[in-house]
Amino acid sequence: AGGLRGTARFGSDTFVTGGTPMPLNMGGFGNRRATPKVVTAPQPALYDYWREGEAFSYALPLPDGKWTVTVHTFEPRPAAPDSQTMAISAGGRQVVPPFNVKAAAGGALRGMTRSFPVTVKGGVLKLDFTGAGGKAVVAAIEVMPAGQ
């Protein structure tokens, strides 16, 4: 959901409907935090920006075939309720049942991933993210050919 980062190429936040783009370290003097927040993750820069909302979708143009999708997520708010969950659907089918991101990651500001296989037909992969008791949060989406 952010910019281009790391060794893999992560594009800008495109092909999306709904939700709100959010920055990790805006605010304070000069629109930057005096003490920047840092997400504990193998690639912390992926979490500098994210999209959040009660429900939002991506329609990613991809060739037909089998793919593996990895969603990078985290809980940006330490005071998030423990009852807050997020679910992920691909092509109208739930592929990740509701889970508490904060609990699964071991706390707020800790990055985590969820991976799942998908089959694309018709040249578009539709991913739906829904939050319950709070907002779904997506920092990055990786799509790789199945088996890589």
Side-chain angles (χ1 to χ4, degrees), residues 1-6 8-28 31-33 36-62 65-146 148:
L4 301 177
R5 302 271 191 245
R9 239 184 120 124
F10 288 88
S12 61
D13 192 21
T14 55
F15 311 112
V16 66
T17 302
T20 303
M22 302 293 292
L24 185 61
N25 284 305
M26 291 299 285
N31 280 337
R32 299 301 272 172
R33 293 187 188 281
K37 289 182 183 178
V38 177
V39 174
T40 302
Q43 296 176 306
L46 288 180
Y47 299 85
D48 286 348
Y49 299 91
W50 71 90
R51 181 162 292 272
E52 70 177 20
E54 292 177 11
F56 56 94
S57 302
Y58 285 86
L60 305 175
L62 288 171
K66 295 183 182 295
W67 300 87
T68 299
V69 176
T70 300
V71 174
H72 297 258
T73 186
F74 74 116
E75 177 49 61
R77 296 170 189 85
D82 291 337
S83 60
Q84 177 175 305
T85 64
M86 176 172 108
I88 305 171
S89 295
R93 181 178 66 86
Q94 189 175 76
V95 292
V96 177
F99 70 103
N100 180 296
V101 174
K102 185 174 160 184
L109 297 174
R110 299 184 64 83
M112 64 169 296
T113 61
R114 286 289 191 255
S115 297
F116 48 90
V118 297
T119 300
V120 173
K121 294 179 182 172
V124 175
L125 171 59
K126 177 112 185 297
L127 298 173
D128 297 303
F129 300 90
T130 55
K135 298 177 180 179
V137 172
V138 173
I141 301 169
E142 289 183 68
V143 182
M144 300 291 291
Q148 285 193 357

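Residue indices begin at 1 and follow the sequence shown.
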Verdict with supporting geometry, T85 and F99, side-chain contact (heavy atoms from CB on, under 4.5 Å): CA-CA 5 Å; T85 64; F99 70 103; 5.9 Å; no

Criterion side-chain contact (heavy atoms from CB on, under 4.5 Å) on V101 and M112, from CA distance to verdict: CA-CA 8 Å; V101 174; M112 64 169 296; 4.1 Å; yes

side-chain contact (heavy atoms from CB on, under 4.5 Å) evaluation trace for V138 with F56: CA-CA 10 Å; V138 173; F56 56 94; 3.7 Å; yes

Working for side-chain contact (heavy atoms from CB on, under 4.5 Å), residues L60 and I141: CA-CA 10 Å; L60 305 175; I141 301 169; 4.3 Å; yes

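When every heavy atom of P78 is checked against every heavy atom of A108, the shortest pair comes out as CA-CB, 3.5 Å. Looking at every heavy atom in both residues, A59 comes nearest to V124 through CB-CG1, 3.8 Å. Taking each heavy atom of K37 and P76 in turn, the nearest pair found is NZ-O, 3.8 Å. The two residues A41 and G111 make their nearest non-hydrogen contact at CB-CA, 4.1 Å. Between P81 and G133 the shortest heavy-atom distance is CG-O, 3.7 Å.
In this structure the side chain of W67 never reaches within 4.5 angstrom of the side chain of M144, judged on heavy atoms. Looking at K102 and D82, their side chains come closer than 4.5 Å, going by heavy atoms from C-beta outward. In this structure, F129 and R51 have side chains that are not in contact, with every pair of non-hydrogen atoms separated by 4.5 Å or more. Side-chain contact check for P61 versus F15: some heavy-atom pair is nearer than 4.5 Å. Taking the side chain as every heavy atom from C-beta outward, V39 and L46 never approach each other to under 4.5 Å.
One finds the CD atom of Q43 at 6.0 Å from the NE2 atom of H72 (value rounded to the nearest 0.5 Å). The OG1 atom of T20 sits 6.0 Å away from atom NZ of K135, with the distance rounded to the nearest 0.5 Å.
In E54, the CD atom is not crowded: 12 or fewer heavy atoms of neighbouring residues, nucleotides or ligands sit closer than 6.0 Å.
In this structure A90 satisfies the side-chain contact (heavy atoms from CB on, under 4.5 Å) test together with V95, F116, V118, L125, L127, sequence neighbours excluded. For N100, the side-chain hydrogen bond (donor to acceptor under 3.5 Å, both in side chains) criterion is met by no residue, not counting sequence neighbours. Every residue two or more places apart in sequence or in another chain that forms a side-chain hydrogen bond (donor to acceptor under 3.5 Å, both in side chains) with R77 is listed here: E52. Qualifying side-chain hydrogen bond (donor to acceptor under 3.5 Å, both in side chains) partners for S57, counting only residues two or more places apart in sequence or in other chains: D128. Partners of S115 according to the side-chain hydrogen bond (donor to acceptor under 3.5 Å, both in side chains) rule, which considers only residues two or more places apart in sequence or in another chain, are T70. Taking the ring-ring contact (aromatic ring centres under 6.0 Å, His included) definition, one finds that F74 meets it with Y47, W50, sequence neighbours left out.
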